[in-house]
A.B. asks: 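Let me give you the structure first, and then I'll get to my questions.
FYI, side chains are in, hydrogens and waters are out, and symmetry mates aren't considered; it's all heavy atoms of this structure. Each chain gets a letter, A, B and so on, in the order its sequence line appears, and its residues count up from 1.
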Amino acid sequence: MQIRKVHMLLVILMAGIIVYFGIPHIIQTSCQLAGQADLDETFSVLPRMSYPQPFVDKPQRTDVLLMSPWLAPIVWEGTFNRDILNAQYRQKNLIVGVATFAVKKYVRFTEGFLSSANKFFLSGHRVNFYIFTDHPEKIPLMKLAPEKRLFIIPIQNYSRWQDISMNRMDIISSHIHSHWRYEVDYLYSMDIDVQLFEHIGVEIIDTLVGTISSWQYTKPRENNSYERRPESQATIPSGEGDFYYAASFYGGSVSEVYKLTTACFKGVTEDRANGIEAKWHEESHLNKYLLYHKPTRLLSPEYYWDEELIRPHIVKVKRLSSVRKDLKEVRF
Amino acid sequence: MTCGKVVKSVFILCLILIPIFIWMIVWNGPVRYLPYYLPCPEILRQDVLTLTPWLAPIVWEGIFNSELLDSAYKPLNLTIGVTAFAIGKYTKFVGPFLESAEKFFMKGYRVNYYIFTNNPQVIPRVQLQPDRSLSIVPIKKYSHWQETSMRRMEVINRHIAEVSHQEVNYLFCLDIDMVFHNPWGVETLGEMVAAIHSGYYNVPRSQFPYERRSSSAAFIPDSQGDFYYAGAVFGGLVKQVYEFTRACHMTILADKANGIMATWQEESHLNRHFFSHKPSKLLSPEYVWDDTKPKPPEVRLIRFSTVDKNHKEIRD
């Protein structure tokens with residue numbers, strides 16, 4: 001095609017328009033940056049974000065309890081803006097550890113757990129997965145996202161599944177003491193026989209975090225799930241109790257989780273010496289600990305849903321759920 | 001269709017539906033239940049926002065249990081500091097402020113009051129409870145009240161560095177021309193605490209009196225902003241208050257260098273900083289009320305509010 005005068009004129013005109021509107025903008029931006037940068041250095045600023053204004057007379061949800069009586073937020077879908085939380089979190093350069101146990105037949109759940117956690121757990125943030133197993137060779141080799149790392153740690157198994165379950169506390173406690181307090185800032189313990197279906201993000205990060213059990217279906221004070229026998233270290237006197245917490249997902253800062261696991265395992269050991277075993281094993285001890293050391297944040301049952309239960313409409317999102325299995329077959 | 005046929009079809013429909021209904025109720029399949037994390041009326045407010053989008057609690061009457069909180073905080077053996085500025089004619093507010101604080105502020109905890117004034121002699125010696133102390137800190141008075149107001153950030157910051165960081169765990173910076181009417185307890189403690197201004201708590205963000213000139217370091221555009229926070233109340237862990245006051249003072253100085261003074265002096269800078277660094281806990285307008293306003297239904301209890309005064313008369 002011949003280059004005609006018309007074409008030349010058009011090109012010059014467009015170039016002129018771009019220059020006319022573009023240059024002042026470039027100058028303005030660079031000036032702003034020069035001024036703001038000095039101030040920004042003194043205090044790192046959250047990036048510009050646009051989100052709807054929160055109104056004081058418009059609560060986000062009125063169908064569920066959003067805060068415990070000791071002012072710990074309860075995390076439900078619709079109450080938080082993950083972009084704001086991510087922006088705050090990124091400034092702190094933190095690493096989160098996840099401890100999980102794949103012992104005996106539970107090894108088969110590893111692939112499902114890892115692939116879904118890789119996709120949905122703290123996506124975009126640094127996470128160390130620590131998988132304890134008695135069959136390291138059976139752990140599938142998986143490609144994880146760049147910020148995620150996998151550590152396979154061999155442990156011995158026990159003949160009773162209850163012992164395997166309860167000794168997790170001791171293993172976590174000693175690993176924090178020996179390694180993790182140098183490697184991670186926050187640590188979460190999760191069951192391996194779960195899968196993630198929705199994002200679990202930095203809304204879970206806080207000093208001491210418990211998940212409200214999906215089985216909580218009576219008033220806490222009358223809850224039958226607590227250990228009530230006074231002979232056990234996990235006993236909670238009748239008339240006491242806040243929530244029933246699930247041992248399948250709990251965590252917090254490394255120092256708080258250390259205190260929790262040490263205290264719980266001490267209770268387990270004393271019970272063993274007295275020939276008693278708590279009703280729901282380490283979960284009973286966990287509940288006793290969290291009653292007297294209140295969590296700073298609670299996760300709604302969205303964060304651990306037991307597959308055996310039908311999900312009520314107030315649990316709008318199922319983020320993490322147990323995998324269907326035949327308990328008799330997999331435990332023995 | 002005849003009447004008879006209608007009746008017949010309805011009858012057949014019922015015959016089919018009723019067994020299905022009974023089967024649904026009786027079926028021993030997955031458990032159905034009413035979970036207990038539903039709101040319980042005694043300890044919930046359904047009419048107000050109790051959590052910010054960044055999961056910071058907003059403290060209102062009815063959502064917290066004071067005994068529970070006290071049982072968690074008392075063993076920590078805390079000391080809480082309070083700063084207040086009584087410059088010029090504002091010294092007359094010190095007496096009522098301190099007397100009401102003795103009745104309602106952090107009962108049962110150790111409290112250090114720090115009153116900054118240019119006229120130490122006129123500060124009344126109020127009778128304090130055994131675990132409480134009053135420290136009178138002499139400072140300079142500026143010719144313009146706005147200057148005095150904005151210098152507060154610098155003064156608090158310097159005082160923390162020199163004195164209060166060793167004496168207190170938490171520090172609250174309050175206006176002196178106010179009085180406590182109801183308990184103010186440990187539900188207010190947090191890493192960084194701000195209070196929602198009583199005049200703007202249910203107003204669109206474009207109407208917040210933020211500094212709107214882009215040449216100011218306190219500038220917040222129309223489309224941004226969470227809440228309008230009151231300059232009369234802020235606080236938190238002493239280390240956080242140190243960082244916060246330093247940051248506010250830096251932006252105040254930046255504005256000074258550019259020959260501009262923010263619309264609401266240090267309150268504009270406070271809002272700018274709380275927008276960039278969200279507070280970890282918010283206090284509802286119960287904690288910073290204006291007595292000239294009628295009390296709306298959301299505000300069940302007024303804990304801390306302004307004293308009626310003639311601004312012209314006391315400012316200069």
A.B. asks: Can you name the closest pair of heavy atoms from A:V56 and B:W60 and give their distance?
C.D. replies: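 Minimum heavy-atom separation between A:V56 and B:W60: CG1-CZ2, 3.3 Å.
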
A.B. asks: Where is the tightest heavy-atom contact between B:L51 and A:L66, given as atom of each residue plus distance?
C.D. replies: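 Nearest heavy atoms, B:L51 then A:L66: CD1-O, 3.5 Å.
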
A.B. asks: Test of understanding: with side chain to side chain donor-acceptor pair (under 3.5 Å), list the residues that count as partners of A:K318, not counting sequence neighbours.
C.D. replies: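 By the side chain to side chain donor-acceptor pair (under 3.5 Å) rule, A:K318 matches A:E307.
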
A.B. asks: Atom OG1 in A:T62, atom CZ in B:R45: separation rounded to 0.5 Å?
C.D. replies: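 So the OG1 of A:T62 and the CZ of B:R45 are separated by 13.5 Å.
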
A.B. asks: Given heavy-atom pairs under 4.5 angstrom as the criterion, report whether the side chain, backbone, both or neither of A:S68 touches chain B.
C.D. replies: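 For A:S68, backbone heavy atoms alone lie under 4.5 Å from chain B.
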
A.B. asks: Hey, what do you get for CG (B:D47) to NZ (A:K58), rounding to the nearest 0.5 Å?
C.D. replies: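 If I round to the nearest 0.5 Å, the distance is 12.5 Å.
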
A.B. asks: Could you measure the distance from the CD1 atom of A:I84 to the CH2 atom of B:W54? Nearest 0.5 Å is fine.
C.D. replies: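 Nearest 0.5 Å value for the CD1-CH2 distance: 6.0 Å.
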
A.B. asks: Could you look at B:V203 and say if it's the side chain, the backbone, both or neither that has a heavy atom under 4.5 Å from chain A?
C.D. replies: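 Just its backbone gets close to chain A.
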
A.B. asks: Against chain A, label B:F244 side chain, backbone, both or neither, depending on which of its atoms sit under 4.5 Å from a heavy atom there.
C.D. replies: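 Neither the backbone nor the side chain of B:F244 comes within 4.5 Å of chain A.
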
A.B. asks: Return the CD to CH2 distance between B:E67 and A:W70, rounded to the nearest 0.5 Å.
C.D. replies: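 Result: 14.5 Å between the selected atoms.
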
A.B. asks: Give, as side chain, backbone, both or neither, the part of B:P285 having an atom under 4.5 angstrom from any heavy atom of chain A.
C.D. replies: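 The answer is neither part of B:P285.
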
A.B. asks: Measure B:L55 against the heavy atoms of chain A and call it side chain, backbone, both or neither at under 4.5 Å.
C.D. replies: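 Both parts, backbone and side chain.
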
A.B. asks: Pick one of side chain, backbone, both or neither for A:R82, based on which atoms fall under 4.5 Å of a heavy atom in chain B.
C.D. replies: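 Neither; nothing under 4.5 Å.
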
A.B. asks: Which bit of B:D226 comes within less than 4.5 Å of chain A, counting heavy atoms only: side chain, backbone, both or neither?
C.D. replies: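 Both parts, backbone and side chain.
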
A.B. asks: More than 12 heavy atoms of other residues, nucleotides or ligands under 6.0 Å from CZ of B:R158: yes or no?
C.D. replies: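 No, the 6.0 Å shell around CZ holds no more than 12 heavy atoms from other groups.
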
A.B. asks: Using non-hydrogen atoms only, which part of A:L71 is less than 4.5 Å away from chain B: side chain, backbone, both, or neither?
C.D. replies: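 Answer is both: backbone and side chain atoms of A:L71 are under 4.5 Å from chain B.
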
A.B. asks: Supply the atom-to-atom distance A:Q91 CD to B:H277 NE2, rounded to the nearest 0.5 angstrom.
C.D. replies: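 If we round to the nearest 0.5 Å, A:Q91:CD and B:H277:NE2 are 5.5 Å apart.
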
A.B. asks: Report all side-chain donor-acceptor pairs from residues 189-199 of chain B shorter than 3.5 Å, counting only partners two or more places apart or in another chain.
C.D. replies:
unit_1	atom_1	unit_2	atom_2	d
B:H197	ND1	B:G199	N	2.9

A.B. asks: Are A:K294 and B:L68 close enough that some pair of their side-chain heavy atoms sits under 4.5 Å apart?
C.D. replies: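 A:K294 reaches B:L68 side chain to side chain.
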
A.B. asks: Which region of A:Y51, side chain (C-beta onward) or backbone (N, CA, C, O), has a non-hydrogen atom less than 4.5 Å from a non-hydrogen atom of chain B, or is it both or neither?
C.D. replies: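 For A:Y51, the contact with chain B is made by backbone and side chain together.
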
A.B. asks: Checking heavy atoms, do the side chain of B:S223, its backbone, both or neither come under 4.5 Å from chain A?
C.D. replies: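 When you check distances to chain A, no heavy atom of B:S223 falls under 4.5 Å.
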
A.B. asks: Tell me whether B:K239 at atom NZ has more than 12 heavy atoms from other residues, nucleotides or ligands lying less than 6.0 Å away.
C.D. replies: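 No, because the 6.0 Å sphere around NZ of B:K239 holds 12 heavy atoms or fewer from other groups.
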
A.B. asks: Supply the atom-to-atom distance A:Q53 CD to B:F227 CZ, rounded to the nearest 0.5 angstrom.
C.D. replies: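 If we round to the nearest 0.5 Å, A:Q53:CD and B:F227:CZ are 8.0 Å apart.
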
A.B. asks: With chain B, which of A:G78, A:S50, A:P52 has the greatest number of heavy-atom pairs at distances under 4.5 Å?
C.D. replies: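 Between A:G78, A:S50, A:P52, the count favours A:P52.
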
A.B. asks: Pick out which of B:L282, B:I58, B:L49 makes a side-chain contact (heavy atoms from CB on, under 4.5 Å) with A:P54.
C.D. replies: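 The passing option is B:L49.
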
